[in-house]
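Each remark here refers to the structure printed beneath this line.
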Amino acid sequence: AEKLAVITEASTHISELSGQVTQLKNILSNKQARGSFGEVQLENLVRDALPENAFSFQHTLSNGRRADCFIIMPNPPGSICVDSKFPLESFRALTSAGDDAARDAARRGLESDVKKHINDIAGRYIVPGETAESAILFLPSESVYAEINLQLPKLVEASRRAHVYLAGPDNLMLILHTVRAILRDAKMHEAAGLIQAEVDTMMQDVSRLDDRVHKLATHFQQAEKDISDIQTSTRKI
């Protein structure tokens, strides 16, 4: 009876887990829902790493394009756009390929899909004078990111030439921590500039005070000389 109770409880957990997996599969099967999944993951990573005034979601650029995330940074390098893409169909075809020929065809499909995303991001989210000279393509799956870096080195090189850098969740978190350090340094530099300006103003005041003390000392010397002359005259009288 005890064994049956344990088995019944385990079966219930398995049923619940199966339902959750099915729900996740349904989400990932729908392109719009999958895009939202990537955007939510991107938003969580950015909110965890950066202060609220350092980013903007669904930011509209001057060219009318809307970036999933706009990371606000000083010049240089300037603000950076991050766009989330999830090429799940081509990656799923690659993982389910039964032979080398099918695997090569699926890998070419994945390369084509990601290359299109790279070109789109380069054309839409790199705006001279408004953004940095580069942008980030966020892949919300470490498996997809690893597959591209290990098996498609030419695609990675093409993305670098287009100034669109690929990032998985872990890699993006490292980038965001670097951004946070840059923002902290910029803030310290701004504070140092303010302190320097105030010190310069104070030194001007000190210089004026020194001039006025010198003039006062000159007046005292002249007064002392006048008193000495008066005393000489009184002695003569």
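- In this structure, Gln196 places its CD atom where only 12 or fewer heavy-atom neighbours from other residues, nucleotides or ligands lie under 6.0 Å away.
- Tested against Ile121 for a side-chain contact (heavy atoms from CB on, under 4.5 Å), the candidates Asp83, Ile126, Ile136 yield a single pass: Asp83.
- Clustering ILVMFWY residues whenever any of their side-chain heavy atoms sit less than 4.5 angstrom apart, transitively, puts Val82 in the very cluster that holds Leu176.
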- Walk me through it: do Val6 and Glu2 pass the test side-chain contact (heavy atoms from CB on, under 4.5 Å)? CA-CA 6 Å; Val6 172; Glu2 291 176 357; 5.7 Å; no
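- A donor-acceptor pair shorter than 3.5 Å cannot be found between the side chains of Asp200 and Gln204.
- The heavy-atom pair separating Arg180 from Ala49 by the smallest distance is CD-O, 3.1 Å.
- Residues Glu39 and Glu43 form no side-chain contact, since every pair of their non-hydrogen atoms from C-beta on lies 4.5 Å or further apart.
- What you find for Glu133 and His163 is that their closest heavy atoms are O-CB, 3.1 Å.
- Val127 and Ile80 are assigned to two separate hydrophobic clusters, defined by single-linkage of ILVMFWY side chains at heavy-atom distances under 4.5 Å.
- Here the rule is side-chain contact (heavy atoms from CB on, under 4.5 Å) with Leu42, and of Val46, Leu45, Asn44 only Val46 fits it.
- Using cut-offs of 30° and 60° for the angle between ring planes, the Phe57 and Phe55 rings count as tilted.
- Connection of Phe86 to Phe138 is not established within any shared hydrophobic cluster, with ILVMFWY side chains joined at heavy-atom distances below 4.5 Å, either directly or through further cluster members.
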- Task: Check the pair Ile182 / Thr178 against side-chain contact (heavy atoms from CB on, under 4.5 Å), numbers first and verdict last.
- Result: CA-CA 6 Å; Ile182 292 173; Thr178 302; 4.3 Å; yes
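- Contact of the Val114 side chain with the Lys85 side chain is not registered, since no non-hydrogen atoms from C-beta on lie closer than 4.5 Å.
- Arg47 has its side chain within reach of Glu52: a pair of non-hydrogen atoms, C-beta onward, lies under 4.5 Å apart.
- Hydrophobic clustering (ILVMFWY, side-chain heavy atoms < 4.5 Å, transitive): Ile148 and Ile175 are in distinct clusters.
- The hydrophobic clustering, which links ILVMFWY residues whose side-chain heavy atoms are closer than 4.5 Å, places Val144 and Ile118 together.
- Between Leu139 and Asn171 the shortest side-chain heavy-atom distance does not fall below 4.5 Å.
- Within 6.0 Å of atom CZ in Arg65, 12 or fewer heavy atoms from other residues, nucleotides or ligands are found, so the atom counts as exposed in its surroundings.
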